[in-house]
Amino acid sequence: MKTALILNGPNLNLLGTREPAVYGSQTLADVKALCVQACASHNLALDFRQSNHEGELIDWIHEAGRAQAAGTLAGVVLNAGAYTHTSIALHDAIKGAGVTLIELHISNVHAREAFRHHSYISPAARAVMAGFGVQGYALAIAGLAGL
Ligand code: CA2
């Protein structure tokens with residue numbers, strides 16, 4: 001059985017505590033539970049992580065590249081949070097690791113402030129998903145399983 005690695009970036013540990021109109025009222029623990037279900041129905045193991053630190057996310061993407069090359073990882077679903085809009089380092093890490101990665105956003109970033117319209121992740125991602133709320137995580141896992 002292959003693993004799906006779900007990576008969550010800065011401030012996503014606050015999910016469900018503020019801004020429910022934008023991100024909904026479910027917590028990151030609820031999102032993990034939803035991912036457990038989605039992985040189970042697609043015969044994938046789940047590895048679910050969150051970090052507020054860019055370097056830690058980069059290390060995890062490198063680790064994912066090695067795991068995919070070894071045949072144990074199906075791919076990554078990455079919600080890079082605000083690093084989406086700032087991080088050339090994450091872009092380079094995804095390219096360098098050669099890992100299959102789906103960029104995910106809970107909100108429709110294109111319907112929000114202009115500074116959220118550009119992503120450094122998108123050109124390095126296999127697919128991009130935004131605006132489905134937290135249900136997007138289950139959809140992204142289904143997409144990963146179907147690749
Ligand atoms: O829509 C998304 O998933 C985002 O990646 C979320 C990021 C934001 O910077 C991106 O533009 C879009 C923000 C994550 C922080 O989430 C919070 C949730 C509740 C309270 C405070 C922050």
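In this chain, numbering begins with 1 at the start of the sequence shown. Just follow the structure's listing: the first ligand is 1, and inside any ligand the first atom is 1.
- To the nearest 0.5 Å, the span separating CE on M129 from CD1 on I102 amounts to 6.5 Å.
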I'd like the atom pairs linking ligand 1 to the protein - N or O on both sides, separation under 3.5 Å - with distances to 0.1 Å.
residue  : atom   : partner : partner atom : Å
ligand 1 : 1 (O)  : I106    : N            : 3.2
ligand 1 : 1 (O)  : S107    : N            : 2.9
ligand 1 : 1 (O)  : S107    : OG           : 2.6
ligand 1 : 3 (O)  : N79     : ND2          : 2.9
ligand 1 : 3 (O)  : I106    : N            : 2.7
ligand 1 : 5 (O)  : N79     : OD1          : 2.8
ligand 1 : 5 (O)  : H105    : ND1          : 2.9
ligand 1 : 9 (O)  : A82     : N            : 3.4
ligand 1 : 9 (O)  : R116    : NH1          : 3.0
ligand 1 : 11 (O) : H85     : NE2          : 2.7
ligand 1 : 11 (O) : R116    : NH1          : 2.9

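- Between R66 and E63 no salt bridge is recorded (no basic side-chain N to carboxylate O distance below 4.0 Å).
- Side-chain contact check for Q50 and N52: at least one donor-acceptor pair (N or O, by modelled atom type) lies under 3.5 Å.
- Side-chain N/O atoms of Y137 and N8 include a donor and acceptor closer than 3.5 Å.
- In the model, Q68 has a side-chain atom that pairs as donor or acceptor with a side-chain atom of T100 under 3.5 Å.
- Legend: side chain to side chain donor-acceptor pair (under 3.5 Å) pairs involving residues 28-48, not counting sequence neighbours, sorted by first then second residue: T27-D30, D47-R49.
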